[in-house]
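A short worksheet on the structure shown next.
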Amino acid sequence: MRTLAFVGRHAIAIALSVMFLCPIVFLALTSFMTDDQALTASLWPASWHPGNYTEVFARTPLPRYLLNTIVYAVCATCFMLLASVPAAYALAKLRWRGRTGVFVAIICMMMLPPQVTTVPLYLMWANYGLTGTIWPLVLPMLLGDAFSIFLLRQFLLTIPDEYLDAARVDGCGEWRTLLRVVLPMAKPGIAAAAMFQFFYAWNDYYGPLLYTSENESNWTLSIGLASFRSLHHVEWNLISAATLLTMVPIVVVFFFAQKAFVQGVTLTGVKG
Amino acid sequence: MTALLERRAGRATAAGPPPGLRQRRRRERLVVLSFMAPVLLGLVVFLVYPLLASVYFSFTTFDLINAPQWVGLRNWRHLLEDPNVRKAATNTLWLVAVLVPARILGALGTGVLLARFKRGSGLYRTLFYLPALAPPVAATLAFVFLFKPGTGPVNTLLADLGVQGPLWFNSPTWAKPSLVLLGLWGIGDLMIIFLAALLDVPKEQYEAASLDGAGPAHQFRYVTLPNIAPVLLFATVTGVIQTLQYFTQAAVAASVASGAATTGGGISSTFGYPEGSTFTYPLWLYVVGFRYGALGYANTLAVVLFVVAIAVTAVLLRRFRSFA
């Protein structure tokens with residue numbers, strides 16, 4: 001009976017694994033086909049064409065999109081941390097009047113669909129002449145990001161107050177307590193928040209579509225990929241190659257920081 | 001009596017604290033302000049201001065060139081008669097009603113499965129999670145390819161089994177269910193949250209339940225579910241909010257499935273393909289505001305979305321009230 005359950009569990013898990021992996025495998029196989037074969041029903045490449053990958057680079061300014069995406073993701077992540085870590089600390093570890101109200105406002109902001117505030121904010125950036133650039137996506141991060149503050153606060157709550165009190169008894173001010181005592185202990189939380197922000201920026205489509213679509217030299221990978229089309233028909237072998245190329249960096253980052261990431265995902269839903 | 005005296009004494013200090021204390025309080029407030037200042041400014045600039053502005057703009061008509069002009073309730077009356085609003089809202093509500101429960105059940109099912117493994121669940125967890133990492137544009141492209149009506153791998157495999165596959169993203173009936181399948185493919189993030197909650201359920205409770213003669217179904221109902229209820233609530237609320245802003249997958253799927261040779265700027269011409277079946281509320285808002293340039297009316301649409309989102313968020317806030 002026990003062996004039966006064991007076999008059953010693994011059988012289901014293996015079947016599910018196949019289903020989750022299949023789309024990627026088919027995509028990878030297609031990325032090595034010829035243009036003509038990609039339009040047929042065959043699943044396996046008749047002959048292998050790694051040249052599709054270089055063709056993608058020749059067809060689109062992929063390095064340009066990649067650079068823009070990296071600039072967007074890295075700036076957004078660094079800016080977010082500068083403002084969000086201190087705020088999360090004040091929300092988790094300092095007692096002050098109005099704290100609850102501010103936390104509620106941050107949850108509201110976190111839950112607000114971006115489309116609600118789009119028009120007034122677009123007008124604001126247009127006023128400063130910054131539409132057509134990625135600045136409207138990056139500069140707001142200097143004033144914190146609601147989801148990151150929420151995540152960091154949840155993490156900081158798990159650090160016992162005793163450590164902080166010890167630092168204060170030793171004469172540390174609050175900033176020094178944050179920098180010297182809390183930051184080293186909060187590394188996993190900060191890593192998770194940073195990765196979420198990085199992934200969000202990397203995957204973002206709505207933001208870049210809104211602000212950069214008028215200026216092709218500032219496009220990100222998401223926009224470039226969505227616009228990757230030829231004049232005559234859809235060339236699926238090239239689209240497959242381009243699609244896989246945009247996934248690679250994310251998967252690499254994930255494998256290097258899997259633990260911090262999983263811990264972060266867990267924290268958003270469970271603790272608090 | 002003593003309690004009363006103490007309360008009085010407390011009130012006395014609150015009314016007029018000694019100068020040293022007052023100074024200390026002021027310093028503490030400045031310290032808090034030094035931590036919170038950027039974020040407080042952010043809340044004003046990116047939450048309070050745009051919300052107030054949207055409400056005001058919703059009563060005006062203007063575009064990028066002309067200044068706002070007060071038109072009273074005209075936009076609001078138009079909203080009630082706008083067939084596109086009805087269509088887009090219906091599609092969005094369909095997704096909320098189907099996509100959110102489907103993702104939660106799928107994530108709960110895979111979570112329960114993985115929680116039963118004593119060893120070796122790490123590899124499965126990673127494999128189930130990986131699709132959630134795929135950028136939405138990339139994942140959507142992959143699915144449109146996979147579900148191509150004539151020659152896509154899915155319909156090819158179905159044909160081998162003797163089943164005539166539907167037109168998927170090219171069929172008005174099947175386009176939204178295809179998007180649900182795409183959403184199910186990326187349930188990994190939810191699954192990890194559920195898995196953590198499932199592993200947190202105290203073992204003793206299961207033992208006690210099984211001593212009382214509870215079978216697996218009863219254990220799930222009376223031990224597992226109450227323990228993971230807060231996480232389920234969180235997943236439901238955030239799921240509904242995410243689905244209300246459903247944009248990328250619908251836009252990209254329509255554009256690619258239609259086969260139109262468009263570029264980023266002109267993508268909106270294919271929105272809703274086929275026959276408006278994937279036309280969601282945020283897509284209509286985007287088209288009204290940034291393709292038709294009717295910014296006043298776009299704000300009217302935004303205010304409605306805001307009211308719905310805040311009503312959903314209120315449920316979540318009730319849960320967090322005790323922690324804030």
Side-chain angles (χ1 to χ4, degrees), chain A residues 9 12-13 16-17 20-21 23 26-27 39-41 43 83 86-87 89-90 94 96 100 103-105 107-109 111-117 119-121 140 142-144 174 203 205-206 209 213 222-223 225-227 229 231 234 236 239 243 246-247 250-251 254 262 265-266 269-270 272, chain B residues 31-32 35-36 38-39 41-43 46-47 50 53-54 57 110 113 116-117 124 127-128 131 133-138 141-142 145-146 151 153 156 189 192-193 196-197 231 234-235 241 244-245 247-248 252 259 261 263-265 282 285 289 295 298-299 302 305-306 309 313 317 320 323-324:
Chain A
R9 270 204 302 273
I12 297 173
L16 282 172
S17 302
F20 278 112
L21 278 184
F26 285 132
L27 211 59
L39 289 171
T40 67
L43 301 176
Y89 177 74
L94 302 179
W96 40 284
T100 311
F103 184 60
V104 166
I107 292 200
C108 285
M109 196 165 177
M111 303 299 284
L112 198 69
Q115 288 92 0
V116 171
T117 53
V119 174
L121 291 179
L142 278 174
L143 302 182
E174 290 300 339
N203 293 343
Y205 175 74
Y206 183 71
L209 177 71
S213 57
S222 285
I223 305 289
L225 190 60
S227 317
R229 221 64 52 73
L231 285 173
V234 184
W236 281 109
I239 290 192
T243 304
T246 57
M247 290 191 194
I250 284 286
V251 174
F254 172 72
V262 169
V265 181
T266 309
V270 179
Chain B
V31 169
V32 168
F35 281 90
M36 292 299 303
V39 170
L41 185 63
L43 285 173
F46 297 111
L47 183 71
S54 322
F57 287 147
T110 44
L113 177 72
R116 287 181 164 267
F117 282 94
Y124 292 131
L127 287 178
F128 292 5
L133 284 173
V137 173
L141 282 173
F145 168 73
L146 218 63
T151 56
T156 306
D189 46 356
I192 288 186
I193 293 175
V231 182
F234 181 86
I241 296 277
L244 286 177
Q245 61 196 54
F247 182 93
T248 306
V252 175
T263 52
L285 202 160
L295 294 174
N299 275 300
L305 186 59
F306 169 64
T313 308
L317 281 172
F320 277 107
F323 296 92

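In what follows, chains carry the letters A, B, and so on, assigned in the order in which the sequence lines appear, proteins first and then strands, with residues in each chain numbered from 1.
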To the nearest 0.5 Å, tell me how far [X] [atom1] sits from [Y] [atom2].
X	Y	atom1	atom2	result
B:L305	B:S54	CG	OG	10.5 Å
B:F306	B:N299	CZ	CG	12.5 Å
A:I12	A:S17	CD1	OG	11.5 Å

Residue selection (most heavy-atom pairs with chain A, distance under 4.5 Å) from [options]:
options	answer
B:V39, B:T156, B:L127	B:V39
B:L285, B:L244, B:V31, B:L47	B:L47
B:A53, B:P136, B:A235	B:P136
B:L295, B:L133, B:L146	B:L133

Worksheet item: Under 30°, 30 to 60°, or over 60°: which ring-plane class applies to A:Y206 and B:F247, parallel, tilted or perpendicular?
Response: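 A:Y206 vs B:F247 ring planes: perpendicular.
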
Worksheet item: Where on B:P153 is there a heavy atom nearer than 4.5 Å to chain A: the side chain, the backbone, both, or neither?
Response: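 For B:P153, the contact with chain A is made by backbone and side chain together.
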
Practice prompt. Could you look at B:F46 and say if it's the side chain, the backbone, both or neither that has a heavy atom under 4.5 Å from chain A?
Written response: both

Worksheet entry | Segment of A:L16 engaging chain B (4.5 angstrom heavy-atom cut-off) |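 Both backbone and side chain.
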
Item to complete: Tell me, out of A:L21, A:V119, A:T117, who's got the most heavy-atom pairs with chain B below 4.5 Å.
Response: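 Most pairs with chain B among the choices: A:V119.
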
Worksheet item: Given the options A:A87, A:C108, A:A90, which has more heavy-atom pairs under 4.5 Å with chain B than any of the others?
Response: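 Ranked by contacts with chain B, first place is A:A87.
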
Discussion item. Is it the case that the side chains of A:E174 and A:Y89 hold a donor-acceptor pair, with the cut-off being a distance below 3.5 Å and no angle test?
Written reply: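 A:E174 and A:Y89 do have a side-chain donor-acceptor pair below 3.5 Å.
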
Fill in: Considering all heavy atoms, the nearest B:V137-A:S222 contact
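Reported closest heavy-atom pair: CG1-O, 3.7 Å.
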
Item to complete: Determine the minimum heavy-atom distance between B:G289 and B:A298, stating which atoms define it.
Response: CA-CB, 3.7 Å

